[in-house]
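Working notes for the structure below.
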Amino acid sequence: MPSRGELIMERLIPYHDGKFVGLNYENVFHLTIAVILSAQSTDVAVNKATPAFFERFPDAKALAEADVEEVKEYIKSIGLYNTKARNIVALSRILVEKYGGMVPNTMEELTALPGIGRKTANIILSVGFDRTVGIAVDTHVFRISHRTGLSQGKTPNAVEKDLLREIPRKYWKYANHILVTHGRNICTARKPLCTQCPIEDLCEKNGVRGKD
DNA sequence: ATCCCGAGGG
DNA sequence: CCCTCTGGAT
């Protein structure tokens with residue numbers, strides 16, 4: 001008998017666009033920067049800023065030598081730009097000094113870097129290195145997990161722990177983007193389109209919508 | 001006013 | 001656990 005998590009995955013897969021992230025990137029370093037920039041922002045906003053940004057700062061070496069104030073200019077249109085600019089430059093310096101300009105590929109090394117928490121590390125490992133060790137829990141995954149009763153965890157970490165139990169491992173690599181896509185298109189934070197929802201019968205908050 | 005593919009600090 | 005950082009979209 002398929003688990004609830006598996007049912008949800010199977011129902012949503014037909015709506016999946018085949019990608020693992022909506023962010024545009026051409027290598028692991030760009031992916032890393034793009035994911036950092038995407039915090040509390042939309043992928044559309046990030047994709048709009050990254051072309052000019054990566055032209056000016058193509059790699060870790062360029063960013064390690066960059067002036068933080070100049071970096072800010074390129075990401076001003078994205079939220080939280082002060083912290084992000086500082087973190088990106090600090091992170092790039094560490095990559096150059098400690099990793100030869102490359103992005104490390106373990107959870108421990110990644111989360112030790114400035115600006116990279118577990119969510120960002122999960123994406124980098126899974127999408128950038130094909131080393132899926134968890135499921136990235138962002139605002140969409142968090143919200144949908146609660147609404148569907150997959151988890152009642154109060155923190156992203158607690159929710160991830162539940163998801164790893166509820167969702168079979170073969171879906172892990174796709175899980176984040178499948179849920180994000182559903183969260184953006186149907187199960188939105190405000191006024192979710194429940195009548196168009198392919199998993200409405202599996203949802204615990206059928207119809208009525210409060211906070212989550 | 002509220003939310004967006006969060007992280008870090010208190 | 002809570003708060004703050006932030007512009008842009010809705």
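Below, each value reflects all heavy atoms present in this structure, side chains not excepted, and no hydrogens, waters or symmetry copies. All values derive from a computational prediction rather than experimental measurement. Per chain, numbering begins at 1; letters A, B, ... match sequence-line order.
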[atom1] of [X] versus [atom2] of [N]: gap in Å, rounded?
X	N	atom1	atom2	value
A:Asn122	B:dG6	CG	C1'	13 Å
A:Lys84	B:dC4	NZ	C1'	9 Å
A:Arg86	C:dC5	CZ	C1'	9 Å
A:Tyr74	C:dG7	OH	C1'	19 Å

Measure all distances between protein nitrogen or oxygen atoms and nitrogen or oxygen atoms of nucleotides 1-4 of chain C, and list the pairs falling under 3.5 Å.
none

- Message: Closest-nucleotide mapping onto DNA chain C: is A:Arg190 or A:Thr42 further toward the 5' terminus? I mean the 5' end.
- Response: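 Of the two residues, A:Thr42 wins.
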
- Note on the structure: Contacts of A:His177 and A:Thr111 projected onto DNA chain B by closest heavy atom; the upstream (5') one is A:His177

Pairwise [atom1] distance, [M] and [N] [rounded to whole Å]:
N	M	atom1	value
B:dA7	C:dA9	P	23 Å
C:dT4	B:dC5	P	23 Å
C:dC3	B:dT2	P	14 Å
B:dG9	C:dG7	C1'	22 Å
B:dC4	C:dC1	C1'	23 Å

- Query: In this structure, which one of A:Asn87, A:Val103, A:Ile88, A:Ile75 forms a side chain to side chain contact (heavy atoms under 4.5 Å, CB included) with A:Ile33?
  - Reply: A:Ile88

- Item | Residue that, paired with A:Asp138, satisfies side chain to side chain contact (heavy atoms under 4.5 Å, CB included) out of A:Lys119, A:Arg143, A:Gln40 |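 Considering A:Lys119, A:Arg143, A:Gln40, a side chain to side chain contact (heavy atoms under 4.5 Å, CB included) with A:Asp138 is found only for A:Lys119.
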
- Task: For A:Arg93 and A:Ala64, indicate whether the former's side chain and the latter's backbone hold a donor-acceptor pair under 3.5 Å.
- Result: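 Checking the backbone N and O of A:Ala64 against the side chain of A:Arg93, a donor-acceptor pair under 3.5 Å is found.
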
Base, sugar-phosphate alone, or nothing: which one does [X] contact when heavy atoms must sit under 4.0 Å apart?
X	answer
A:Gly79	base
A:Pro156	nothing
A:Ile36	nothing
A:Gly183	nothing
A:Leu37	nothing
A:Ser41	base
A:Val44	nothing

Does OP1 or OP2 of [N] have a side-chain N or O of [X] closer than 4.0 Å?
X	N	answer
A:Tyr81	C:dC5	no
A:Asn87	B:dA7	no
A:Arg143	B:dC4	yes
A:Thr120	B:dA7	yes
A:Ser77	C:dG8	no

- Any side-chain heavy atom of A:Asp162 within less than 4.5 Å of one from A:Arg165? yes

- Message: Please tell me whether A:His30 and A:Phe54 form a close aromatic pair, meaning their ring centres lie under 6.0 Å apart.
- Response: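 That pair passes the under 6.0 Å test.
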
